[in-house]
Structure formats: structure tokens, C-alpha cells
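Beneath this line is the structure, given in C-alpha cells, with notes to follow.
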Amino acid sequence: QEKRVAMCFQFPSSTAPCRIEGNPFANFWDELGIHFDKFETFYLPLIVYNEQTKEDWRARFPAADYPVLALRGTPASYPIQRENIALHAYLRWSHAVREERDQLIAANLKKPFVGIHIRNAVDFDRACEHVDDTNPTLNFMASPQCLGYSGEYGKLTRDLCYPPSTEIVRRTAQKVKELNALSVFVATAEDPMMREIQAAVGPHVKVVHLAALPHIDMAILAQSDFFIGNCVSSFTAAVRQERDVNNQPSAFFSFPSVLKK
């Protein structure tokens, strides 16, 4: 604190000040309760593949003076490229996140538990309207995580992009039965479908949805005994990547295969 520096990529000819303003930039940091004390600009390649570029970054931002690089926006393309997936192995949740995660799991969930991510907001429904089952799209948003970067594992369909509620309930109940799970944790920004899922898994299984921040939901989902997410969602992708690092199984609604690194 009091030494937090925000950094903005800027061409040398620009004189515009570095600012963290508006949506999504300011909203993202404000939601995490982080405020910056200083702003700096830089003009260095954001994609680093050679030693000289690495040295340029180290020279401009020595670790002793800049232990954390807080960039205005993501430095990489979306969705994550195949060669960058391995970087997730170096990400660690902060102590505060781990502590809140563990407390919420201990207070609300019985193991083994199934974690699911439901993406059923209106904005996502509209986005998935672009998917045409008669002329399947090769990839859309984060769909390479289940279809592969060249569509080697299948083609995108409407049901894969926006799974029907019947599929969500069926797949969740199936996995609960297979694992003899005692709890289901639902992460979603819209309808958690609590009544439908509870009816399908039975009264002996506890179905939980918490009004937590998104990164807390991610951290909890990564600890589930089995995870089912949305193939097209980058939120699901972040959870799946953490689980891959720890060799934990994941699956996607409306997609037949179970993925385990």
C-alpha cells in the first residue's frame, strides 16, 4: 500500500496521461478494493518470446522497485493462446482469497462436492445467437478450451454455447450420483437454478449458491471434486486451467468428454 503503481502501454509519440478510468478498467480494480498511488507509461512488447525483450522489461521495471506489475488491461490476446496456457501454473491466489475460500467451503459445503458454472445471463444468450447449428462456427470466445484451437475435438453448437437448463440439471445430477457427492456449488451471475437442481439431486445433497465476488467463486470451484462449466466462457476457462495445473478433472455442459490433464 502507498506504493501501488499502475502502468499503461503508450506509444512514444503520445502525451496522454496514464489513467485507470471507466469500465472495465476502473471497475475491475475498484471491485477488488485496490487504488493506485502512481501512474507510469511504458513502450515495450507485450508478447515476450526472446531473451532481449525479457532483459528490456527487467531493465525498465527491476523487481526490487516493481515487485508487482499492474497493467491497465490484459497484455495478451483473447482468448488465451495455446502457448500461454502453461503460465497459469505460476498464478497463486492471495492469502486473503485462500482464507475466504477455505472458510466458505468449511461453513457451507460437505465433501465430496460438485462445482458448476452456469452462464445464463441475457447478454450471453444474445451472444450465442450468433452460433448457427446448420453452419457450425470453428471457435467462439473461449471455446478452444473444449473444441481445440483447430476444431479438432468438435464444432460449436448453440447448446454448447448456451446449454439448456435440462442439460445443466441432468449433467449435474449424473455427476452427483457417480461421485456420491454431498454438495453442489453453483457459481453464476444470473439464475442459479437452485430449485431445479435440488429436485434432481435429492434432499440428501446440499445445493449452495453464494453471493461472493467472482474470484472467490473461481477459487471455490477449483477446489471441487469435479467441475462442470461452459465451453465458451472465459470464467470457466480460468477455473479449468487452475484445475489442470493440479490434475483435477473438468467437463463442459453439452460436451461429452471429461477433460483431465
Can you list the steps and then say if His35 with Asp30 is a side chain to side chain contact (heavy atoms under 4.5 Å, CB included)?
CA-CA 7 Å; His35 304 284; Asp30 287 347; 3.8 Å; yes
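- Residues Phe253 and Val186 are members of one and the same hydrophobic cluster, defined by side-chain heavy-atom contacts under 4.5 angstrom among Ile, Leu, Val, Met, Phe, Trp and Tyr.
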**Q.** Evaluation steps, side chain to side chain contact (heavy atoms under 4.5 Å, CB included), between Ile116 and Ile197
**A.** CA-CA 11 Å; Ile116 67 172; Ile197 294 172; 3.7 Å; yes
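- With a 4.5 Å cut-off on side-chain heavy atoms, Ser165 and Met193 count as touching.
- With hydrogens and angles ignored, the 3.5 Å screen pairs no side-chain donor or acceptor of Lys206 with any backbone N or O of Leu109.
- Arg158 and Asp125 are joined by a salt bridge, as a carboxylate oxygen and a charged side-chain nitrogen come within less than 4.0 angstrom of each other.
- No side-chain heavy atom of Glu167 sits less than 4.5 Å from a side-chain heavy atom of Asp159.
- A salt bridge links Asp123 to Arg119: at least one charged side-chain nitrogen sits closer than 4.0 Å to a carboxylate oxygen.
- Cluster annotation: Met141 and Val239 are assigned to distinct hydrophobic clusters (Ile/Leu/Val/Met/Phe/Trp/Tyr, side-chain heavy-atom contacts under 4.5 Å, transitive).
- In terms of heavy atoms, Met218 sits closest to Ala238 at CE-CB, 3.9 Å.
- The CG atom of Leu87 sits 12.0 Å away from the CD atom of Gln81 when rounded to the nearest 0.5 Å.
- Between the CG atom in Leu147 and the CG atom in Leu156 there is a gap of 6.0 Å [rounded to 0.5 Å].
- Thr172 places no side-chain N or O within donor-acceptor distance of the main-chain N or O of Val169, the cut-off being under 3.5 Å.
- Side chains of Asp56 and Gln52: a donor on one and an acceptor on the other come within 3.5 Å.
- Cluster membership for Leu179 and Ile168, using ILVMFWY side-chain heavy atoms within less than 4.5 angstrom, is shared.
- One distance of note links OG1 of Thr188 with NE2 of His209; it measures 6.5 Å at 0.5 Å rounding.
- Heavy atoms only, all atoms of each residue included: Lys111 and Leu182 are closest at O-CD1, 3.4 Å.
- Here the side chain of Gln10 pairs no donor or acceptor atom with the backbone of Cys18 at under 3.5 angstrom.
- Note that the CD1 atom of Ile228 and the CZ atom of Phe255 stand 13.5 Å from one another [nearest 0.5 Å].
- For Thr236 against Gly229, the heavy-atom pair with the smallest separation is OG1-CA, 3.5 Å.
- By the 4.5 Å heavy-atom criterion applied to side chains, Cys161 and Phe140 are counted as neighbours.
- Contact check for Glu55 versus Arg58: side-chain heavy atoms found under the 4.5 Å cut-off.
- Distance check, rounded to the nearest 0.5 Å: CG of Leu160 to SG of Cys146 gives 4.5 Å.
- When atom types are taken as modelled, the side chain of Arg243 and the backbone of Ser224 share a donor-acceptor pair closer than 3.5 angstrom.
- Not counting sequence neighbours, the partners of Phe36 by the ring pair (Phe, Tyr, Trp, His ring centres under 6.0 Å) test are Trp29.
- The minimum heavy-atom distance linking Ile118 with Pro192 is given by the pair CD1-O, 3.8 Å.
- Between Phe61 and Tyr66, the angle of the ring planes goes over 60°, which puts this pair in the perpendicular group of the 30/60° scheme.
- Side chains of Ile85 and Ile80 form a contact here, defined as non-hydrogen atoms less than 4.5 Å apart.
- Side chain of Arg101 to main chain of Ile220: no donor-acceptor pair is present (N/O by atom type, distance under 3.5 Å, no hydrogens or angles).
- A cation-pi geometry, defined here as NZ or CZ lying under 6.0 Å from the six-membered ring centre and within 45° of its normal, does not hold between Arg240 and Phe227.
- Residues Met194 and Val114 share a hydrophobic cluster, clusters being chains of Ile/Leu/Val/Met/Phe/Trp/Tyr side chains in contact below 4.5 Å.
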(Q) Under the criterion salt bridge (Lys or Arg N to Asp or Glu O under 4.0 Å), I'd like the reasoning laid out for Glu129 against Arg126: C-alpha separation, chi angles, the key distance, then a yes or no. (A) CA-CA 5 Å; Glu129 289 177 355; Arg126 290 173 178 166; 5.9 Å; no
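- Closest of all the heavy-atom pairs between Asn230 and Pro163 is ND2-CD, 3.5 Å.
- No path of Ile, Leu, Val, Met, Phe, Trp and Tyr side chains, each step under 4.5 Å between heavy atoms, connects Ile216 with Ile34, placing them in separate hydrophobic clusters.
- Within 6.0 Å of NZ in Lys38 there are 12 or fewer heavy atoms belonging to other residues, nucleotides or ligands.
- Remark: the backbone N or O of Arg4 is paired with a side-chain donor or acceptor of Asp37 at under 3.5 angstrom.
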Practice task
Dump the intermediate steps for side chain to side chain contact (heavy atoms under 4.5 Å, CB included) on Phe113 and Val208, then the final yes or no.
Solution key: CA-CA 10 Å; Phe113 76 94; Val208 177; over 6 Å; no
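- For the pair Ala6 and Ile20, the tightest heavy-atom approach, listed with the atom from each and the gap, is CB-CG1, 3.8 Å.
- The CG atom of Asp244 sits 9.0 Å away from atom NE2 of His88, with the distance rounded to the nearest 0.5 Å.
- The closest donor-acceptor contact from the side chain of Ser233 to the backbone of Phe235 lies under 3.5 Å.
- Looking at Glu178 and Lys175, a side-chain N of the basic residue comes within less than 4.0 Å of a carboxylate O on the acidic one, giving a salt bridge.
- Checked by atom type and distance alone, the side chain of Arg171 pairs as donor or acceptor with a backbone atom of Phe252 at under 3.5 Å.
- Ring orientation note: the planes of Phe42 and Phe9 are nearly perpendicular, at an angle over 60° on the 30°/60° scale.
- Trp93 is listed as a side-chain neighbour of Glu242, based on a closest heavy-atom distance under 4.5 Å.
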Please step through side chain to side chain contact (heavy atoms under 4.5 Å, CB included) for the pair Tyr162 and Val131, ending with a clear verdict. CA-CA 10 Å; Tyr162 195 85; Val131 178; over 6 Å; no
